[in-house]
Amino acid sequence: MVMGRALYSVGFWIRETGQALDRLGCRLQGKNHFREQLSRHRTLMNVFDKSPSVDKQAFVAPSASLIGNVHVGPASSIWYGCVLRGDANSISVGAGTNIQDNTLVHVAKSNLSGKVLPTLIGDNVTIGHSAVLHGCTVEDEAYIGASATVLDGAHVEKQAMVESGALVRQNTRIPSGEVWGGNPARFLRKVTEEEKAFFSSSAVDYSNLAQVHAVENTKNLDETDFKKLLYKKNSRDAEYDSVLSDLSLSENVPKSA
Amino acid sequence: MATSIARFSRRGVASTLIRRWFAAEAALAMQTEPPKPKLTVSPSPSLDRVKWDYRGQRQIIPLGQWLPKVAVDAYVAPNAVLAGQVTVWDGSSVWNGAVLRGDLNKITLGFCSNVQERCVVHAAWSSPTGLPAETLIDRYVTVGAYSLLRSCTIEPECIIGQHSILMEGSLVETRSILEAGSVVPPGRRIPSGELWGGNPARFIRTLTNEETLEIPKLAVAINHLSGDYFSEFLPYSTVYLEVEKFKKSLGIAV
């Protein structure tokens, strides 16, 4: 008992010494020293009275930014590094949609044609990595390929597909069930039946995957430390294995030109 | 950054013996009180979604039994996100805003390679080629900024231009260069020693021997640069002091 107290005090002395040394080091570094601040990144940020409303069952990665008038439906997922900036107008994301890593969804306040359009993204849409969506409408079960750019006023109809790397120019209408690609985007071919099935299954798969990420990202310190302990003992995580087996992952990659 | 580096000075990179975790995680080892309500997500009925978490985004996110592994002298920017099965080998660097998401399959970043700013590296579950769909970035590869790499294999000593897109199953053979903005469709192969570019990627010309020798030099130059960044960060963050001050100001017991 006395030993315990003694060790505790010694521990404190060592910590205090450490902190004092840290301050000394800062002073030696002079004006170039850097003091770390708390992360001020705001995942959900409101601009005056416009604030995001995200469904409880959606996954929003902590490094994503949802700013202003953004509405996200249930079972949707917004992945790492996305920016959904609804400051000038509104963004609404439907249910079961996934907006993959590093995409930018923005709304136009004014554009050349003078029309101001909110961005509407429907249900079960898959928006690939690093896409840029600006003031456009995407209907249900569409597929926006990775790194695609969809500009103001574009309208992607149900089950249409925008190829990877495509640039869909302003006010382009992509009819239902067609694949458009290239820069500027033009009609390539029709969506095959298996690709249509792929769109819906990929949306579901992503929702499931999002749950795993959601659980992991919301762990507090004790849980993450416990997990590290598990790694040291090389144990398997039944939770993740079960999610993986649930995913009916037979990714049919759409062939492209 | 990619092409205007002329610094080849030899730097003794002091390799730390301590693994660096994301700042707040290690710092919070001091905290005894569980932090304020965080982002809560489905399916349990939960409070209003929290808008701000002072911990920010964790850099390394373990999923299931996989923990991203970062070599001791690799520089991973604090706002990069490594999730799932990601291995970052020695001398490599992952720059700001990159997302390496190895949740469905493995991602490997080889010796002295670098993944520059805002890249997304993902691995699909299966590849159209039928080969293992892991993303393998071999040694001395420079992946330019804002690229997207999906289940591709990049052999040693390549340069992938900025904003390029490599789709599932693509193979970039050794000593080739992809121009900026190139899109490699799924399952394509970029032969060795050639310069390809465009959307979809087409052959432009073969590389001269001098150019081929420059490729690993670029990777090494970026390695030296990442050494500078690496040494900017302490092994453990001092954010915990700010956290304690913050909690004190809010009246939460520390």
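Here is the naming used below: chain letters follow the sequence lines, and residue numbers restart at 1 for every chain. Excluded from the calculations below are hydrogen atoms, water molecules and symmetry mates; all remaining heavy atoms, backbone and side chain alike, are included.
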- Are B/D103 and B/H122 close enough that a side-chain donor and a side-chain acceptor fall under 3.5 Å?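 Yes.
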- With a 4.0 Å cut-off, would you call B/E179 and B/R202 a salt bridge?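 Salt bridge absent between B/E179 and B/R202.
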- Item | Pair A/D87 + A/K50, salt bridge at N-O below 4.0 Å |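 Result for this pair is no, no salt bridge flagged.
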- Message: Just so I understand: if I count every heavy-atom pair under 4.5 Å between each of A/G81, A/S147, A/G145 and chain B, which residue has the most?
- Response: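 Top count of heavy-atom pairs under 4.5 Å with chain B: A/S147.
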- Item | Option in A/S130, A/S53, A/G165 with maximal non-hydrogen atom pairs under 4.5 Å from chain B |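 The candidate making the most pairs under 4.5 Å is A/S130.
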- Query: Has B/W89 got more than 12 heavy atoms of other residues, nucleotides or ligands less than 6.0 Å from its CH2?
  - Reply: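 At most 12 heavy atoms, drawn from other residues, nucleotides or ligands, come within 6.0 Å of this atom.
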For [X], is it the side chain, the backbone, both, or neither that has a heavy atom closer than 4.5 Å to a heavy atom of chain B?
X: A/D22; value: side chain
X: A/H129; value: both
X: A/S51; value: side chain

- Query: Can the positive tip of A/R186 be found less than 6.0 Å from the middle of the six-membered ring of A/W180, inside 45° of the ring normal?
  - Reply: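 No, A/R186 does not sit over the ring of A/W180.
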